[in-house]
Amino acid sequence: MNLILLGPPGAGKGTQAQMIVDRYHLPQISTGDILRAAVKEGTSLGKQAKTFMDRGQLVPDEVVIGIIDERLRASDCKTGFILDGFPRTNPQAEAFQAILTKIGKSVDHVINIEVDPEELVRRLTGRRTCNNCGGMFHILFHPPKKEGVCDRCGGTLYQREDDGEETIRTRLKEYEKQTAPLIQYYQNKKLLRSIWGVGGQNQIFEQIIRVLDAKPV
Ligand code: AMP
């Protein structure tokens, strides 16, 4: 099963992708995670991406397309994958289609998670991530048992550099301008399923399960 999770920053794509991984055993491919790891390691990819990421802007298309082209050839993608944060522009979607055709695959579902913009700002400013296992928390909506410490592995929780309020507003504008048109793009291909990304994580996940487990008619 090959999936794309679409939705603005803060919609909960990462959290839902982790839940899909647990239930369906598909690899999660997050271009944001791959880029952040490259920045942390100080590779040339990381250096190239950092300036854009710090400003809340999108990294150039050819950079992320290269990442995906390589990643999809890995053996763990044989039975499927979950794309979280890619594609994010029209050229990325077109290039992705060409890559899939080349490797003989196609997309099964595009799940679009919808959330009100002001809610997104609230969510993103309170978001905390574990530096060890990537677990996600929120200081108000999903606080860890002990402040600053991951419930799952005891790792240290940190705030992403691009989760400051001004950068968040830039990221949301980038989303509206560059990524939101993909909703129509995938609607035209009859692959889009929109769900409402508000409520508990499990409630949102139930909606995703309904989409993924529905038998084709
Ligand atoms: P995310 O973790 O998905 O919110 O991504 C964090 C940042 O990484 C974004 O604000 C962009 O700077 C960059 N990024 C991640 N995925 C992409 C993509 N598909 N295209 C361009 N930039 C991306």
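Every number for a ligand or one of its atoms is a count from 1 in the order of the listing. The figures here come from the full heavy-atom set of this structure, side chains too, leaving out hydrogens, waters and symmetry mates.
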Just to verify, what does His109 make a ring pair (Phe, Tyr, Trp, His ring centres under 6.0 Å) with, not counting sequence neighbours?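 With neighbours one apart ignored, the set is empty.
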
Who are the ring pair (Phe, Tyr, Trp, His ring centres under 6.0 Å) partners of Phe141, not counting sequence neighbours?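 Phe141: ring pair (Phe, Tyr, Trp, His ring centres under 6.0 Å) contacts with His138.
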
Fit a plane to each ring of Phe86 and Phe96, take the angle between them on a 0 to 90° scale, and name the class: parallel (under 30°), tilted (30 to 60°) or perpendicular (over 60°).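 Because their plane-to-plane angle is over 60°, the rings of Phe86 and Phe96 count as perpendicular.
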
Residues Glu118, Arg169: salt bridge by 4.0 Å N-O rule: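 Result for this pair is yes, salt bridge flagged.
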
Asn202 and Glu206: side-chain donor and acceptor closer than 3.5 Å?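 No, no side-chain donor-acceptor contact under 3.5 Å.
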
Got the residues with a heavy atom under 4.0 Å of ligand 1, by chain and number?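 Only Thr31, Gly32, Leu35, Arg36, Met53, Gln57, Leu58, Val59, Val64, Gly85, Phe86, Arg88, Gln92, Arg160, Asp162, Arg171 have heavy atoms that fall under 4.0 Å of ligand 1, ordered by chain and number.
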
Going by salt bridge (charged side-chain N to carboxylate O under 4.0 Å, His left out), name the residues that satisfy it together with Arg171, two or more places apart in sequence or in a different chain.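 So Arg171 forms a salt bridge (charged side-chain N to carboxylate O under 4.0 Å, His left out) with Asp162, Asp163.
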
